[in-house]
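One structure is given below, encoded as structure tokens.
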Number of protein chains: 2
Amino acid sequence: MRWRDLGGEECSVARTVSVIGDRWTLLVLRECFLRVRRFEDFQARLGITRPLLAARLRKLVGAGVLERVAYQERPLRHEYRLTPRGLDLHPVLMAIVHWGDTHLAPDGRRPLLHRHKPCGHLFDPVMICSECAVPLHAREVTVEPGPGGGSRTPHRAAEAEPPSPRRRARRPGATSSG
Amino acid sequence: MRWRDLGGEECSVARTVSVIGDRWTLLVLRECFLRVRRFEDFQARLGITRPLLAARLRKLVGAGVLERVAYQERPLRHEYRLTPRGLDLHPVLMAIVHWGDTHLAPDGRRPLLHRHKPCGHLFDPVMICSECAVPLHAREVTVEPGPGGGSRTPHRAAEAEPPSPRRRARRPGATSSG
DNA sequence: TTGACGGGTTCAGATTTCAAACGCACCCTG
DNA sequence: CAGGGTGCGTTTGAAATCTGAACCCGTCAA
């Protein structure tokens with residue numbers, strides 16, 4: 001499977017990963033949520049190379065996560081801002097930050113603290129069940145096929161493949177007949 | 001900045017990305033949360049090449065996200081299972097899945113549904129503030145430096161760099177005493 | 001002894017990513 | 001209008017990574 005095929009996978013993780021699943025994209029998005037909007041600013045803050053930044057921004061715009069809007073006319077200049085779809089990535093970033101804070105910060109010394117404006121407190125993000133509002137635990141979640149899943153397993157249909165050699169065609173001339 | 005330097009960055013996003021920030025790692029983790037544990041199973045379900053799978057598993061074990069435990073003695077065989085640290089990545093995966101379900105599923109037809117065992121309902125993950133329990137919105141969150149952040153800005157210290165050529169060495173001697 | 005299974009490793013060749021230089025439109029100065 | 005500066009990206013080779021296929025190892029079943 002190639003990366004560019006990921007978007008066609010029958011799995012929301014794969015599809016999302018095809019949009020944000022590389023090292024730079026997530027860092028670009030981090031900057032977006034920190035109100036960075038301009039090419040030069042992304043470049044200076046991240047140390048990303050210009051070609052890669054241009055490619056990432058183009059991809060994110062194409063995915064509808066960012067939009068390119070003019071902030072001045074002459075000379076024409078654009079900035080990149082999060083669309084509603086991009087803003088919806090906030091929980092992903094918060095979850096990532098929280099995991100890093102919890103498990104990768106030396107001595108638990110967090111690089112950044114988050115404050116919730118409505119209540120005014122420093123906070124941690126907590127993921128809850130939309131139905132019963134209880135915090136989620138991995139072991140208490142099960143999956144089942146949804147309307148967009150055509151196969152019998154919750155994954156991609158591993159068995160629906162064409163009659164490919166079992167695992168890795170061990171012997172060059174062994175698969176002549178069964 | 002190289003990928004391998006990311007772990008040293010003063011940012012939890014960068015540090016987390018250095019662990020999970022590539023296309024395959026997130027898909028491997030998806031399978032882990034779906035109770036897949038064995039090399040051959042990962043390989044068959046994902047279509048990942050063997051060398052890459054081996055490298056990813058090794059990396060995740062090294063990061064303490066997975067552990068390699070024997071499930072039989074003769075012949076000695078191991079399986080990969082999530083550690084507590086790995087289980088803590090659940091919100092990241094849930095956030096990713098939810099975004100994909102919301103924005104990338106054709107006609108909103110989700111490939112997979114999630115059920116919360118304690119309450120028995122199909123659910124969506126919701127991220128709330130740990131202090132006031134209100135759902136988070138990107139625009140209502142601000143950041144400030146934490147104990148693990150040494151610089152004046154909430155980002156990495158863009159000015160604290162060694163005297164490297166600016167970006168494109170435009171003006172050789174401009175910042176002599178700043 | 002041969003074949004199969006589970007779990008990897010090695011190796012050559014195709015992609016991607018990197019870093020630096022270059023191009024272009026525009027503004028300001030003289 | 002020439003000359004220099006800015007903002008934003010593209011082109012260009014070299015370096016790193018990924019892919020695909022084969023190979024190796026230990027054990028068991030026939």
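Sequence lines set the chain letters: A, B, ... in the order given, protein chains first and strands last, and positions in each chain run from 1.
- The side chain of A:R50 lies closest to D:dG9, out of D:dT19, C:dA19, D:dG9.
- Salt-bridge annotation for A:R45 and A:E31: present, with a side-chain N of the basic residue lying under 4.0 Å from a carboxylate O of the acidic one.
- Summarising the geometry, the separation between CZ on B:R37 and C1' on C:dG6 is reported as 17 Å, rounded to the nearest angstrom.
- OP1 or OP2 of C:dT17 lies within a sub-4.0 Å distance of a side-chain N or O belonging to A:R56.
- In this structure, A:Q43 places its CD atom 14 Å from P of C:dA21, rounding to the nearest Å.
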Please tabulate, one pair per line, each protein N/O and nucleotide N/O from nucleotides 26-30 of chain D that are separated by under 3.5 Å, including the distance.
from: D:dG26; atom 1: N2; to: B:R77; atom 2: NH2; distance (Å): 2.8
from: D:dC28; atom 1: OP1; to: B:R74; atom 2: O; distance (Å): 3.4

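- The distance from atom CG of B:L53 to atom P of C:dG6 is 15 Å, rounded to the nearest whole Å.
- Contact between the side-chain N/O atoms of B:R58 and the OP1/OP2 oxygens of C:dT9 is found at a separation under 4.0 Å.
- The side chain of A:R38 approaches D:dC8 more closely than any other nucleotide in the set D:dC8, D:dT11, C:dG6.
- Atoms CG (A:L57) and P (D:dG9) sit 7 Å apart, rounded to a whole Å.
- What separates CG of B:D22 from P of D:dC18 is a distance of 7 Å, to the nearest Å.
- Comment: B:R50 engages B:E40 in a salt bridge, judged by a side-chain N to carboxylate O separation of less than 4.0 angstrom.
- The side chain of B:W24 sits closest to D:dT19 out of D:dT19, D:dG9, C:dT9.
- Sorted by first and then second residue, the side chain to side chain donor-acceptor pair (under 3.5 Å) pairs involving residues 112-123 of chain A (not counting sequence neighbours) are A:R115-B:E144.
- When the C1' atom of C:dT17 is taken as reference, atom CG of A:L27 falls 15 Å away, rounded to whole Å.
- Atom CG of B:D41 is separated from atom P of C:dG6 by 8 Å (rounded to the nearest Å).
- Nucleic acid contact for B:F42: none, since no nucleic acid atom lies under 4.0 Å from a heavy atom of the residue.
- The separation between B:R23 atom CZ and D:dC18 atom P is 6 Å, rounded to whole Å.
- Defined by atom type and a distance below 3.5 Å, a donor-acceptor pair is present between the side-chain atoms of A:Y80 and A:R68.
- Between A:P125 and B:L136 the shortest heavy-atom distance is CB-CD1, 4.1 Å.
- Here D:dG20 is the nucleotide among D:dG20, C:dG6, C:dG8 with the atom lying nearest to any side-chain atom of B:P51.
- Between B:S12 and the options A:L93, A:L104, A:D101, a side-chain contact (heavy atoms from CB on, under 4.5 Å) holds for only A:D101.
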message: side chain to side chain contact (heavy atoms under 4.5 Å, CB included), that's the test. Do B:H78 and B:L76 meet it? Break it down for me.
response: CA-CA 7 Å; B:H78 297 92; B:L76 186 57; 3.8 Å; yes
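- Here the side chain of A:E40 is nearest to one of C:dT9, D:dT19, D:dC8, namely D:dC8.
- Side-chain nitrogen and oxygen atoms of A:Y80 include none within less than 4.0 Å of the OP1 or OP2 phosphate oxygen of D:dG7.
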